[in-house]
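As a basis for the values below, the full set of heavy atoms in this structure was taken, side chains included, without hydrogen atoms, waters or symmetry mates. All values reported here derive from a predicted model rather than from experimental measurement.
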Amino acid sequence: MPFCQFSSESVISNTTNVDNVFINEFLPYANDTCVKVYLYGLYKCNTPNTYDNTLEAFSNILGLDTEDVYSAFLYWQDQGLVQILATEPFEVVFNPIKSALSTTKKYNKDKYSDFNIQLESILKGRNITLNEYYQYYEFMEVYHVEPEALILIIEYCVRAKGAKIGYSYILTIAKNWAYDGITSYEKVDQKLQELEQNSSQIGELFAILGIKRVASVDEKELLVKWKQEYEFSFETIIGICKLVKKKKMKLTNFEKLDLILTKYYEMKLSSLKEIENYESEKEGLYKISRQICKGLGLYYDNIEPVSSNYTQKWVLMGFSDEVLFKIANYCFKTSIRSLDGMDNVINKFFKLGIITNDALEQYFEEILKIDNNIKSILDSLGLLRNVNKFDRDFYKTWTTEWQMPTEIINYAIELSKDKYSPMQYLNKLLSLWHTNNVENVEQAKKYTLDNPIVKPSEKPKRNYSDRDYSKTDLNALFDNLEEIDL
């Protein structure tokens, strides 16, 4: 142990110095994970000998995978800020910031000489640091962007923001475009022409919103998104702005307008008339949504998401509020007590054409009739309980898929009711008869679970065109042979 040292409390209450060069030159270009790892690592340099100064402790404290921490340190090593000395155990040394700047990757001066001249001409009036040059070079190398293309982007950003614009803003725009494959001079020029064509429309929107400044690149791209991706007409966008202002909602920037338009887009409301109808009927939808939630046994402080994500869609599908309330009640009684669960039920009804109240009532009557039949079978078997999902599945298999006549089902019930597991016995018996194509009680009497095979001479006659037994019959015969205890 060292002769003199700070206590752990002193270290925690002390400060960790972060060089301003790091904040200005490196932080804007690193992702959140890398910044988090670097700053926490810098903090741990104050207590290098503590038990928690390990890769695993980093991962646990920061809530990251060890691979993420390792990748972050690899990134900072590439930037020259740290040096990885060993991997087992993991060991890292933090380098001085100035040392990192002096050891940045070297580039061919001739390769970017024209770029440098044009850059200095565009950004005249402010100092361009070596690291800024490096960031531009690095960007062009990594994203394979033509120097002429980047110059176009820089010129455009300067016109929008002025010569004092930071290079972090420029590279953010350039990277977003590079992700979309806009890396050549021709593609950048085409993109800029597209943005400029909307300048007059941007001005009109700014006037409505009371914004008195030059539009940013981001705002111009938002207008392109609304018109091309969301497919809103400009007249619809203008109408929405006026509608929002009429409701005295604060709308001072394009970010808030984007949230509103995105909501309408996700709700599949594309025309101004649909949007106006929705806004005028919104309170009614809220009321319906609250009643539906009550029917499902749910409660939400904010009912708007329920209305926009569920109720609005169900109403557009043609369901009335009365029908929706009945479906919610039906869902609750059948243990479906979520909005997603009710949405699945509604989609099923919609596919079946069950939308109106009369159609729903008829459906419920059929369900009730089937449940009554099943309950009668359960009573006959001595099973004194309510009908469940498995009972309904069994009944559907017997009557719909196997098409067993009622008289055969009733005969099987008589044979099963005194058994130890009557429902299991009933299923096995009906399955045996279905496999052997039994069509009436007389035929059924020849097949029992104790003697599932009938001699060929006693087998019910079948009509075959050119053979006595089908492949299905032979397979069933072999299956039954396996059940005999030889």
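Of the possible polar contacts, one joining the Asn372 side chain to the Leu368 backbone as a donor-acceptor pair under 3.5 Å is found. Although no hydrogens or angles enter the test, the distance criterion places a donor-acceptor pair under 3.5 Å between the side chain of Ser233 and the main chain of Thr236. Counting only distance, with no hydrogens or angles, the side chain of Trp398 and the backbone of Ile409 share no donor-acceptor pair below 3.5 Å. The main-chain N or O of Ser376 is found under 3.5 Å from a side-chain atom of Ser380 such that the two form a donor-acceptor pair. Remark: the backbone N or O of Ser270 is paired with a side-chain donor or acceptor of Glu274 at under 3.5 angstrom. For Thr172 (side chain) and Ser168 (main-chain N/O), a donor-acceptor pair under 3.5 Å exists by modelled atom type. When atom types are taken as modelled, the side chain of Asp65 and the backbone of Glu67 share no donor-acceptor pair closer than 3.5 angstrom. Between the Thr400 side chain and the Thr397 main chain, no donor and acceptor come within less than 3.5 Å of each other. Using a distance-only test at 3.5 Å, with no hydrogens or angles considered, a donor-acceptor pair links the side chain of Asn31 to the main chain of Cys34. Side chain of Asn176 to main chain of Ile173: no donor-acceptor pair is present (N/O by atom type, distance under 3.5 Å, no hydrogens or angles).
Minimum heavy-atom separation, Phe232 to Ile275: CE2-CD1, 4.3 Å. Between Asn386 and Asp391, the shortest heavy-atom distance links the atoms O-OD2, 4.0 Å. What you find for Gly295 and Phe332 is that their closest heavy atoms are O-CB, 3.3 Å. Thr33 approaches Ala72 most closely through the heavy-atom pair O-CB, 4.5 Å. When all heavy atoms of Ser338 and Gly341 are compared, the pair lying nearest together is OG-N, 3.0 Å. Residues Ile303 and Ser289 come closest through the heavy atom pair CG1-CB, 3.6 Å.
Looking at heavy atoms from C-beta onward, Asn410 lies out of side-chain contact with Glu414 at the 4.5 angstrom threshold. The closest side-chain heavy-atom distance from Pro405 to Asn440 is not below 4.5 Å. The closest side-chain heavy-atom distance from Lys351 to Ile354 is not below 4.5 Å. Using a 4.5 Å heavy-atom cutoff, the side chains of Val438 and His434 are not in contact. For the pair Met267 and Asn309, the minimum side-chain heavy-atom distance is 4.5 Å or more. Looking only at side-chain heavy atoms (C-beta outward), Met342 and Cys331 come within less than 4.5 Å of each other. Using a 4.5 Å cut-off on side-chain heavy atoms (C-beta onward), Phe390 and Tyr395 make no contact.
Both the sub-6.0 Å distance and the 45° axial angle are satisfied by Lys161 relative to the ring of Tyr169.
A donor atom on one side chain and an acceptor atom on the other are found under 3.5 Å apart for Tyr156 and Lys220. Of the N and O atoms on the side chains of Lys326 and Asn357, at least one donor lies less than 3.5 Å from an acceptor on the other residue. In the model, Asp189 has a side-chain atom that pairs as donor or acceptor with a side-chain atom of Gln193 under 3.5 Å. Defined by atom type and a distance below 3.5 Å, a donor-acceptor pair is missing between the side-chain atoms of Tyr420 and Asp418. At a cut-off of 3.5 Å, with distance as the only test, a side-chain donor of Tyr264 or Glu279 sits close to an acceptor on the other residue. Side-chain contact check for Lys227 and Gln201: at least one donor-acceptor pair (N or O, by modelled atom type) lies under 3.5 Å. Residues Asp340 and Tyr310 bring a donor and an acceptor atom of their side chains to less than 3.5 Å of each other.
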> Can you list the steps and then say if Val323 with Ile355 is a side-chain contact (heavy atoms from CB on, under 4.5 Å)?
Replying inline: CA-CA 8 Å; Val323 171; Ile355 298 177; over 6 Å; no
>> One pair to check against side-chain contact (heavy atoms from CB on, under 4.5 Å): Tyr299 and Lys294. What are the steps and the verdict?
In response: CA-CA 7 Å; Tyr299 175 78; Lys294 183 178 180 181; over 6 Å; no
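Counting non-hydrogen atoms of neighbouring residues, nucleotides and ligands closer than 6.0 angstrom, the NZ atom of Lys375 exceeds 12 such neighbours. Taking a 6.0 Å sphere around CD of Glu194, one finds it holds more than 12 heavy atoms contributed by other residues, nucleotides or ligands. The 12-atom threshold is exceeded at CG of Asp393, counting heavy atoms of other residues, nucleotides or ligands nearer than 6.0 Å.
Taking OH of Tyr447 as the start and OG1 of Thr435 as the end, the distance is 10.0 Å to the nearest 0.5 Å. A distance of 9.0 Å separates CD1 in Ile288 from CD in Glu281, rounded to the nearest 0.5 Å.
Checked against the 6.0 Å centroid threshold, Phe319 and Phe349 do not count as a close aromatic pair. Ring pair Phe90/Phe58: centre-to-centre distance not below 6.0 Å. Ring-centre distance between Trp76 and Phe22: below the 6.0 Å cut-off. Ring to ring, Tyr43 and Tyr40 are close: their centroids are under 6.0 angstrom apart. Aromatic ring centroids of Phe206 and Phe254 lie under 6.0 Å apart. Tyr143 and Trp177 have their aromatic ring centers separated by at least 6.0 angstrom.
Remark: Lys263 does not engage Asp258 in a salt bridge, criterion side-chain N to carboxylate O under 4.0 Å. Ion pair Lys287/Asp321 not flagged as a salt bridge, since none of the NZ, NE, NH1 or NH2 atoms sits closer than 4.0 Å to an Asp/Glu carboxylate oxygen. Checked for salt-bridge contact, Glu221 and Lys191 meet the test: a charged N lies under 4.0 Å from a carboxylate O. Using a 4.0 Å cut-off between a side-chain N of Lys or Arg and a carboxylate O of Asp or Glu, Asp180 and Lys187 do not qualify as a salt bridge. In this structure, Glu219 pairs ionically with Arg213, as a charged nitrogen and a carboxylate oxygen lie closer than 4.0 Å.
Checking Ile238, Val244, Ile237 one by one against Ile240, the side-chain contact (heavy atoms from CB on, under 4.5 Å) holds for a single residue, Val244. Among the candidates Arg392, Lys389, Lys333, the single residue satisfying the salt bridge (charged side-chain N to carboxylate O under 4.0 Å, His left out) test with Asp371 is Arg392. The residue from Thr311, Ile327, Asn329 that alone fulfils the side-chain contact (heavy atoms from CB on, under 4.5 Å) condition with Ile292 is Thr311.
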